[in-house]
Amino acid sequence: MSGRVLVGVKRVIDYAVKIRVKPDNSCVVTDGVKHSMNPFCEIAVEEAVKMKEKKLIKEVVVVSCGPQQAMETIRTALAMGADRGIHVEVTGKDYENLGPLQVSKIMAALAKKEDALLVILGKQAIDDDCNQTGQMTAALLDWPQGTFASELSMEGDKIKVVREIDGGLETVKINTPAVITADLRLNTPRYATLPNIMKAKKKKIANVKPADLGVDITSRLEVLRVDEPPQREAGVKVETVDDLLARLKEAGRI
Amino acid sequence: MALREGALRLNLLLNSRTFYKFNSSVGVRSLSENVSSTPVTSSAPEIAGDHLIYTQEHFALKESLRKIIDQEINPHVEQWEAEGIFPAHKVFKILGSAGFLGVNKPVEYGGLGLDYSYSVAVAEELGHIRCGGIPMAIGVQTDMTTPALARFGSAELKQEFLLPSIMGDKVACLGVSEVGAGSDVSSIMTKAVRKGDEYVINGGKMWTTNGTQADWICLLVNTSDGPPHRNKSLICVPMNLPGVQIARKIEKLGMWSSDTAEVFFDDVHVPCKNIIGQEGMGFTYQMLQFQEERLWAVAIVILTMMENVIQETIQYTRQRKIFKRPVLHHQSVHFRLAELQTEVELLRALLHSATALYIKGNDVTKLASMAKLKGGRLAREVGDSCLQFWGGMGFTSDVLVSRFYRDSRLMSIGGGADEVMLGIICKYMDILPKN
């Protein structure tokens, strides 16, 4: 086993930005808008770097799919302690249509190519909230998966994963190689310190295209329309429970 | 004639207050739905290659620093402003551990040895702090108390004072201005008399930012009876020595979260080896730093705080209606905002070109003085006009613009008053009357 961990990071619109839909309802406005690394991806990077610091693994390779700007996200991960990066170049329309299935195919191909011990991803991206890439990647590789991880520990050649589920916490033990997706409480990502930012300059970022990995990224989905959520309207006060029931019936809610 | 600079070594910072409530807690990423609507001004132009002075690393630095500000500093600003002090040791340690306090300081002492453009990038980003006091305090630590020490101090002195200041373990303050000497630095009265291998210091200093919390003070004193520009020295004085008295914390119009002290020195004994560089050179050393100090102050004020104020004013006036139309739709309002933004861009261009020249080794005293002069005056205009557009709300303590209005007023006074800047520019234009 290579002791190598592959971490996928996604460049998304920054969580603090107020999202606006384009006037033609085709998609959201991304031009000139602040972007950053998906928060769950940051947690994934942090976990991988921590594992390397504890000497549980040897190398952290960070991957991002997208246009030129995806390199910034990779560099942020390098500044957090990742060893090298792979930029999978996807631009224009292809990028707009890039979804979990295509990304999983890319991640699976890279996991095999890099002989990865683990693939760690964020549980979901804050722009599409799909929560699919990790699971699909595991399926394509036929690897075990530990999703919504809030705690990880290596036990020999197995991994113990504490998962956050609706009812509470579930602990599973899975074989390696495996796919993990990081949940909020897995760790608190470190700040990229200035010395590490400067060191990251020297780290390598390889450039590949999906075709080089034998992956077809044509999308099977077509986005028809994007709308803003309906404006919140004024509420109505009622005096009694009977009133409330009558109103709800009127509005066709019950 | 050598005009005096640096009355108040206080940098000016503006406060920026969130328009809506901020609910991220310290150290934990807030991923909840109630996200703050702070105007996210994209400080990173999309293509780093086109920028006059910034590279990818500069933008990465700004992003990382911004995270620290958003997580560790801004959530507490309201409280610290109300308390009239911020926990300097705690905040400086966080910044120091991330490498932001020694950007252009020597690597041997924990610094990064980068050029001044990186310091400007840090300063710009610090303008996202929602008040003026804290960036000012940081500026004192990084660009007013330590540059001379880094350049001229002995190895032993740097080990004792520079290294911990860069790591954020020790808080520094600057002792130059006195009750009787502001713009006219040469007339300071604090004296250090040599007795054996010690100096005995008597006197007092005023307007000492970080003064109530500092571990050491970079003190400008008279060490002989010579001509006023050649009889002064800079000495590193620990603040816990017997005889050092923090007389009072000064109540100010603005910069509330920054503690400003009046300090007295009553027969304070300090080893002679604590002197920075050569005796008699103190005045010169302090002057050498001014270009950097001024570029720093301007960077924070214009590039970030003023823009944030303008952006928040746009947001507010867009949703606030008068006579059935948004305030913003009235021509006097949007035209004025356009004027202000234009001037901000002009000042930014001046700052960046001065920085570019400076890192190539040029003397940018005239440009830096112009930038500081304009910065102070423009900040007053921005504050005044924007406050007007906020109407009654602008007059309350709940909004950023009123804090900015108060804090930014210092810019024309501290770090070299407007009049001093004008004198310097005249000197370079050769239009000062000859004596």
Side-chain angles (χ1 to χ4, degrees), chain A residues 11-20 29-43 46 67-69 71-81 122-126 129 182-203 205 229, chain B residues 18 20 22 24-49 55-72 94-104 107 110-114 118-119 121-122 166 315:
Chain A
R11 179 174 180 264
V12 297
I13 296 179
D14 188 86
Y15 76 89
V17 169
K18 187 167 198 301
I19 311 284
R20 289 194 200 285
V29 176
T30 51
D31 276 338
V33 167
K34 180 165 190 234
H35 284 66
S36 23
M37 192 191 294
N38 182 39
F40 294 107
C41 298
E42 283 182 345
I43 297 174
E46 174 67 24
Q68 189 64 10
Q69 292 94 321
M71 302 264 273
E72 290 165 22
T73 316
I74 297 175
R75 280 207 193 87
T76 307
L78 293 174
M80 283 173 72
K123 72 169 179 180
Q124 68 196 63
I126 60 171
D129 283 328
D183 207 326
L184 184 60
R185 278 158 281 269
L186 181 59
N187 59 50
T188 308
R190 64 193 61 194
Y191 299 119
T193 66
L194 194 43
N196 284 341
I197 290 171
M198 299 312 293
K199 275 191 211 140
K201 224 163 70 154
K202 301 195 189 91
K203 295 182 181 173
I205 303 178
Chain B
T18 24
Y20 301 108
F22 226 117
S24 56
S25 49
V26 179
V28 173
R29 291 294 159 94
S30 145
L31 291 168
S32 63
E33 280 77 58
N34 315 353
V35 141
S36 145
S37 309
T38 341
V40 184
T41 30
S42 190
S43 53
E46 320 29 52
I47 297 112
T55 64
Q56 282 285 359
E57 285 69 44
H58 290 90
F59 292 118
L61 170 170
K62 277 157 150 280
E63 231 190 272
S64 188
L65 180 54
R66 182 66 185 273
K67 283 192 189 134
I68 296 179
I69 291 170
D70 286 343
Q71 311 246 121
E72 311 280 358
I94 294 170
L95 291 169
S97 307
F100 289 108
L101 295 181
V103 170
N104 61 347
V107 178
L112 275 131
L114 297 168
Y118 289 89
S119 298
V122 168
I166 290 174
Q315 272 195 334

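Naming convention: chains lettered A, B, ... in sequence-line order (proteins, then strands); numbering from 1 in each chain.
Ser64(B) contributes no side-chain N or O that, together with a main-chain N or O of Thr193(A), makes up a donor-acceptor pair within less than 3.5 Å.
You'll find the side chain of Met198(A) reaches within 4.5 Å of the side chain of Tyr118(B), heavy atoms only.
Contacts of Leu65(B) with chain A are absent, with no heavy-atom separation under 4.5 Å from either backbone or side chain. Interface residue Ile68(B): backbone and side-chain heavy atoms are both found under 4.5 Å from chain A. Of the atoms belonging to Ala79(A), not a single heavy atom falls under 4.5 Å from chain B.
With respect to the salt-bridge test (charged N to carboxylate O, under 4.0 angstrom), the residues Glu42(A) and Lys67(B) qualify.
One distance of note links OH of Tyr15(A) with CG of Asp70(B); it measures 5.5 Å at 0.5 Å rounding. Atom CD of Gln56(B) and atom NZ of Lys201(A) lie 10.5 Å apart (nearest 0.5 Å). Atom CD1 in Ile197(A) sits 5.5 Å away from atom CG in Leu61(B) (nearest 0.5 Å). Of the inter-residue distances, the one linking Glu63(B) atom CD with His35(A) atom NE2 reads 11.5 Å to the nearest 0.5 angstrom.
The minimum heavy-atom distance linking Pro195(A) with Gly99(B) is given by the pair CD-CA, 4.1 Å.
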